[in-house]
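For reference, the structure discussed in these notes is given below.
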Number of protein chains: 2
Amino acid sequence: MSEAPHLTFDLDTPGVSTGHLVVPKGADFEALSLPVFSCNRGDGASLLITGGNHGNELQGPIVARRLVEWLPEAQRCGRIIIVPEINPLAVQAWTRNTPIDGKNLNRVFPGRSDGSVSERIADAISRLLLPMVDTVLDLHSFGPTWDCAPSIITHPIADVDLMTKTVRISEAFKLPVTLLWEHNDTAGMFDTWVHGQGKTFICTEFGGGTVFCGGAVGAEALAIYEAGVRNGLIALGLIEGKAEYPTFRQHKSGQTLETNPSDELKSPAPGIFEPRCSVVDEVKQGDLIGILHPMDSLSADSIDIRAPTASIVFAIRSAGYVQGNQEVAILARPLVH
Amino acid sequence: MSEAPHLTFDLDTPGVSTGHLVVPKGADFEALSLPVFSCNRGDGASLLITGGNHGNELQGPIVARRLVEWLPEAQRCGRIIIVPEINPLAVQAWTRNTPIDGKNLNRVFPGRSDGSVSERIADAISRLLLPMVDTVLDLHSFGPTWDCAPSIITHPIADVDLMTKTVRISEAFKLPVTLLWEHNDTAGMFDTWVHGQGKTFICTEFGGGTVFCGGAVGAEALAIYEAGVRNGLIALGLIEGKAEYPTFRQHKSGQTLETNPSDELKSPAPGIFEPRCSVVDEVKQGDLIGILHPMDSLSADSIDIRAPTASIVFAIRSAGYVQGNQEVAILARPLVH
């Protein structure tokens, strides 16, 4: 009989406390201790903030660490629980999936107490943290091989009231894009499990790429993400302040978009993809999105990849080798309410 | 007896021709065909341009592909041979080392005809392409987890005349930085092998990170690199034109720097490193370079990493998990001639 997942401290302690969520040892790996921050100021919204679900998306853990520094002063009411790194094994390996079991933590919820390490992490979170909150904020990026607009993404939710509420609170983060993304790969997502319990799930996508300091990727980008999270906490009534759109590409504004699988642009052949547009670019039919350079022969011409219809570029793959028919861009359109 | 490495066409054909360098099959992997471009305009300098030595540095192959498009019109004399991807296996896997044998192609020169696939690639290049040229231009970046100044890097060369000539031609590329980098890990480098033959080796480091289109990383960065290569070709007398410094961070200028192992800043503890300065920043003693966020416990404070002396930031690690005592920044100082 293995140890049960447990917390090393009492989340109901008033005020600020820190400790660990212990994910028990299993057949494949030793026990994990995930650092947890709790700020409990009584009545009000209750929020779980998680980062590092995918280990190659580091913006989330950094923003979460910053919150740990200023929330004790700022939080006025309610409950906030923060776990900056829910998948430390993947963070340490800089991989999307967990290196021990090869699983995508964001596809194994609600997990299993007797499963592999990703499943045990999901189980510990589902069992011990989720019951304490009414809302989850999961801090993602888009991985190192894509750039995406700083955004909140939600998938269609069958419960219309919850869908409406989710879009409304997502828009309150005032990030440049709020996206309704219809796709079929949602089984086992943290999102899906939380929605199934009638709770609100907010997923930030923090722009992808690697975090450098120069230019838009880096300090400036982290400031946008932190501002977005601050806006969200204001909207949830957890902190005081005035929500404002952060400046992104000289603009202070946001738009709500939708995308579905037919909006994905695919590579016409194997080769090196070179992006030629930027996220949130408005493109007309025929505008250049990127170039595919076949590398098997230097007598083959490079191939232009163009927008099939007027669209807004939500995400674009960075330069890299792609197979034929592999996704290179995700286009989107204004959401028709 | 295995097949010998060979070219599918005659490099001495006048004008433009394309074909393949065939790296023979070995015990570990099938034969490879590396696409080769040749433009042979008679007397003058002779140059081999290579990209994709490390498979997660894609700026080089893209710039090489662009050269293939405009060189036939532009080249006036001499010989240029281009191999955009010398390590297609690593490019396809987006890895620094070759996935089949786990070797760093840039540490196995001059290779072995009966060795593993990386060694066979190095052998084919050393044996069939290197004898045709007096100068090599190898297009690197700094990998996806670092940002570095757009630069030409050279290591100290024992032959003083060759060293002087190498620095002079490197500066003629007019990139923002020319760097003399003293380190000990040079055995088996392509550089070292070429130097040993009394030939000139020029290594661009194209800024690291992933190639996005927005902002300084992306189209703008590729334009800087392409301008630098064009300047170099002008300096070598291969094309006509006026060499000009490309604009980088609002400046049109270049500086020659030096760095040695004591200029590397290391992480004071394991955790997530957050960069807080940019490449080519001039920092004073005590200026903030980055922050190390310990992630084992949320009661541990984040640790500031500061410049030990007045320096110029040559390269900085992007946000990511680091071990204790792992490199997070490479500082440099003006070269004392």
Side-chain angles (χ1 to χ4, degrees), chain A residues 18-20 33 35-37 52 55-56 58-59 61-62 65 68-69 82 84-85 88 91-94 144-147 208-219 222 249 270 272 274-281 290-291 293 295-302 316 318-321 323, chain B residues 18-20 33 35-37 52 55-56 58-59 61-62 65 68-69 82 84-85 88 91-94 144-147 208-220 222 249 270 272 274-281 290-291 293 295-300 302 316 318-321 323:
Chain A
T18 61
H20 290 83
S33 281
V36 177
F37 164 94
N56 56 5
L58 276 295
Q59 289 90 339
I62 292 174
R65 271 302 297 231
V68 166
E69 282 165 31
I82 302 179
E85 268 187 9
V91 168
Q92 288 172 29
W94 200 54
T145 59
W146 283 81
D147 193 16
T210 47
V211 186
F212 292 128
C213 259
V217 189
L222 284 173
R249 305 257 190 85
I272 291 180
E274 177 187 349
R276 290 300 286 269
C277 63
S278 298
V279 297
V280 308
D281 277 358
I291 298 174
H293 302 288
M295 300 301 273
D296 285 349
S297 162
L298 296 176
S299 56
D301 284 338
S302 296
I316 183 135
S318 63
Y321 183 84
Q323 305 291 341
Chain B
T18 60
H20 291 84
S33 280
V36 177
F37 164 95
N56 55 6
L58 276 294
Q59 289 90 339
I62 291 175
R65 272 299 300 229
V68 166
E69 282 165 33
I82 303 179
E85 269 187 9
V91 168
Q92 288 172 30
W94 201 54
T145 59
W146 282 80
D147 193 15
T210 47
V211 186
F212 291 126
C213 258
V217 189
E220 210 177 301
L222 284 172
R249 304 260 187 86
I272 292 181
E274 177 186 349
R276 291 298 288 268
C277 63
S278 298
V279 296
V280 307
D281 277 359
I291 298 174
H293 302 288
M295 300 301 274
D296 285 348
S297 161
L298 296 176
S299 56
S302 296
I316 182 133
S318 64
Y321 183 84
Q323 304 291 340

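In what follows, every heavy atom counts, from backbone to side chain, and hydrogens, waters and symmetry copies are set aside.
- Of the two parts of A:I272, only the side chain, counted from C-beta on, holds a non-hydrogen atom closer than 4.5 Å to a non-hydrogen atom of chain B.
- Closest approach of B:S302 and A:R65 over heavy atoms only: OG-NH2, 3.2 Å.
- Here the straight-line distance linking atom OG of A:S318 with atom CG of B:L58 works out to 8.0 Å at 0.5 Å rounding.
- Contact annotation for B:D281: neither backbone nor side-chain heavy atoms come within less than 4.5 Å of a heavy atom of chain A.
- Between A:S297 and B:P35, the shortest heavy-atom contact is N-CG, 3.9 Å.
- When each of A:I291, A:V68, A:D296 is scored by its heavy-atom pairs under 4.5 Å with chain B, the top score falls to A:D296.
- For the atom pair B:E85 CD and A:M295 CE, the distance stands at 4.0 Å (nearest 0.5 Å).
- Within the 4.5 Å cutoff, no side-chain heavy atoms of A:D301 are placed close to those of B:E69.
- At least one side-chain heavy atom of B:L298 sits under 4.5 Å from a side-chain heavy atom of A:P84.
- Heavy atoms of A:I82 lying under 4.5 Å from chain B belong exclusively to its backbone.
- At least one side-chain heavy atom of A:W94 sits under 4.5 Å from a side-chain heavy atom of B:P144.
- Contacts between B:V280 and chain A at a heavy-atom distance below 4.5 Å are absent for every atom of the residue.
- Counting heavy atoms from C-beta outward, B:E274 and A:L222 have side chains that approach closer than 4.5 Å.
- Every residue meeting the side-chain contact (heavy atoms from CB on, under 4.5 Å) condition with A:Q323, not counting sequence neighbours, appears here in chain and number order: A:Y321, A:Q326.
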